[in-house]
Amino acid sequence: MKHVSVLLQEVIDIYKPFERGVYIDCTLGAGGHSREILNNIKGKDSGLIAIDLDARAVENFAEYVSKHNLERQVEIVKDNFVNIAEIWEKSEFKKRGLVCRGVIMDLGFSLDEIETSGKGFSFLRDEPLLMTYGDPSQYSHTAYDIVNSFPKNELVRIFRIYGEERDAERVAVAILKERKHRKISTTRDLVEIVLKAKKISPHARRRQKIHPATKIFQALRIAVNKELDNIKQVLKDVVEILGKGGRIAVISFHSLEDRIVKQTFKYYKDKGVLEVLTPKPVVPSREEKAINPRSRSAKMRAAEKM
Ligand SMILES: C[S@@+](CC[C@H](N)C(=O)[O-])C[C@H]1O[C@@H](n2cnc3c(N)ncnc32)[C@H](O)[C@@H]1O
């Protein structure tokens, strides 16, 4: 299955009429938003900076750019978007005097990462517990490190805060019990522990719409990648680098992220720095949700630099 971009047209509409300048896609992924931005800036004296931590996302987009002779209009950066200020400082576009007109952040992971990365993002596969968007060796801890070495109270905190998991304590206790005997190495090991802790039989599990390990996996992924801290940091820097009238659009997939975006936009609105373009978040249409169920929980907020 291929990753289907969420709220694609809605994001593009935010930047119209695509004035001369630079557009930064902080979360390149399968390149859906980036390709559409390129279609809109083609032939204009404008550029796209496409950032992702995922090596494959970057390689695939480099092939696309080369195939379509777009090298002059695109800079591809394999990095954490939290380094956006530095990436912008080093950009050839900035050196040429172009202004940053737009930033898009489509948070979380792509379907390609779930299906082919082999890093344990999905509870439906049996893979090593890594959950890093980038190279695992660059991380202070992977999901494996967290479940095998973090103290109980830290596990409870992660599951409760990042997963909003009601059974945080129970799952943490089960993890500690299990790791006395063996290492918890794979996604399947973890799923079994969660099912046992929640006293759910495989039969009962099959009847549930939402997998009982969903929130535990979300919590670990957020903790490994420091996702909430990254968003807070990057939004501050985006506000700095956007030119006057430049616009930022953020698509989030759970309430923790959306709350940060909403509060940050409000903070800058009160300071007279941003104008909020979406008093209510933009959500996918019924048609989009039907075609792409993954878009169900998406919310987009956008703002303009004053
Ligand atoms: C939802 S996907 C983006 C999909 C893309 N907009 C599209 O239309 O194909 C999110 C991407 O962001 C990347 N990502 C997540 N956190 C990141 C970070 N802090 N720095 C750089 N890339 C990140 C992931 O590796 C993933 O490829």
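Any value given below was found using the heavy atoms of this structure, including those in side chains, with hydrogens, waters and symmetry copies removed. Ligands are counted one by one from 1 in listed order, and the atoms in each one are counted from 1 as well.
Remark: R294 qualifies as a cation-pi partner of F253 under the 6.0 Å distance and 45° angle criteria applied to the six-membered ring.
Within ligand 1, the atoms closer than 4.0 Å to a non-hydrogen atom of F109 are 1 (C), 2 (S), numbered from 1 in the order shown. Within the listing of ligand 1, atoms 7 (C), 8 (O), 9 (O) sit less than 4.0 angstrom from a heavy atom of G32. Each of the following atoms of ligand 1 lies closer than 4.0 Å to a heavy atom of L107: 1 (C). Those atoms of ligand 1 that come under 4.0 Å of a heavy atom in N230, given as number and element, are 19 (N).
Residue A57 does not touch ligand 1, judged by heavy-atom distances below 4.0 Å. Counting heavy atoms under 4.0 Å from ligand 1, residue H3 touches it through the side chain alone. Neither the backbone nor the side chain of D112 comes within contact range of ligand 1; no heavy atom lies under 4.0 Å.
With sequence neighbours left out, K266 forms a salt bridge (Lys or Arg N to Asp or Glu O under 4.0 Å) with D270.
In this structure, V234 falls outside the shell of residues with a heavy atom less than 4.0 angstrom from ligand 1. Contact between I251 and ligand 1 is absent, with no heavy atom of the residue lying under 4.0 Å from the ligand. For N225, the closest heavy-atom approach to ligand 1 does not fall below 4.0 Å. Residue contact check for ligand 1: D79 places a non-hydrogen atom closer than 4.0 Å to it. Residue contacts with ligand 1 include L53, since one of its heavy atoms falls under 4.0 Å from the ligand.
Put simply, the side chain of D106 never gets that close to the backbone of I251: no donor and acceptor are under 3.5 Å apart. For K215 (side chain) and R160 (main-chain N/O), no donor-acceptor pair under 3.5 Å exists by modelled atom type. Using a distance-only test at 3.5 Å, with no hydrogens or angles considered, a donor-acceptor pair links the side chain of T278 to the main chain of A302. With E288 contributing its side chain and R296 its backbone, the two residues share no donor-acceptor pair below 3.5 Å.
In terms of protein heavy-atom proximity, atom 8 (O) of ligand 1 is closest to S5 OG, 2.6 Å. For atom 27 (O) of ligand 1, the closest non-hydrogen atom of the protein is D52 OD2, 2.7 Å. The nearest protein atom to atom 3 (C) of ligand 1, hydrogens excluded, is given as T27 O, 3.3 Å; this is a heavy-atom distance. Closest to atom 5 (C) of ligand 1, if we only count protein heavy atoms, is L28 O, 3.3 Å. Atom 19 (N) of ligand 1 has as its closest protein heavy atom N80 OD1, 2.8 Å.
Across D258, V282, V261, a single residue satisfies side chain to side chain contact (heavy atoms under 4.5 Å, CB included) together with K299, and that is D258.
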Worksheet item: Is there a side-chain hydrogen bond (donor to acceptor under 3.5 Å, both in side chains) between D126 and T186 once you walk through the steps?
Response: CA-CA 6 Å; D126 192 23; T186 66; 3.0 Å; yes
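For atom 10 (C) of ligand 1, the nearest non-hydrogen atom from the set A298, S117, G108, S110 belongs to G108.
For ligand 1, the polar-atom distance check finds no N/O of D25 at less than 3.5 Å from any of the ligand's N/O atoms. Ligand 1 has a nitrogen or oxygen under 3.5 angstrom from a nitrogen or oxygen of E113. Residue F81 has at least one nitrogen or oxygen atom sitting less than 3.5 Å from a nitrogen or oxygen atom of ligand 1, judged on distance alone. At least one N/O-N/O distance between A30 and ligand 1 falls below 3.5 Å. For ligand 1, the polar-atom distance check finds no N/O of D54 at less than 3.5 Å from any of the ligand's N/O atoms. The shortest N or O to N or O distance between G31 and ligand 1 is below 3.5 Å. Where the criterion is an N or O separation shorter than 3.5 Å, residue side chain and backbone included, R294 fails it with respect to ligand 1.
The ring-ring contact (aromatic ring centres under 6.0 Å, His included) analysis of residues 27-75, with sequence neighbours excluded, yields the pairs F61-Y64, Y64-H68.
Side-chain atoms of Y162 and R221 include no donor-acceptor pair closer than 3.5 Å. A donor-acceptor pair shorter than 3.5 Å cannot be found between the side chains of D229 and Q233. Side-chain polar atoms of Y133 and E227 form a donor-acceptor pair below 3.5 angstrom. A donor atom on one side chain and an acceptor atom on the other are found under 3.5 Å apart for E75 and S91.
Under the 6.0 Å cut-off for aromatic ring centres, Y15 and Y23 qualify, their centroids lying closer than that. Residues H141 and F150 bring their aromatic ring centres within 6.0 Å.
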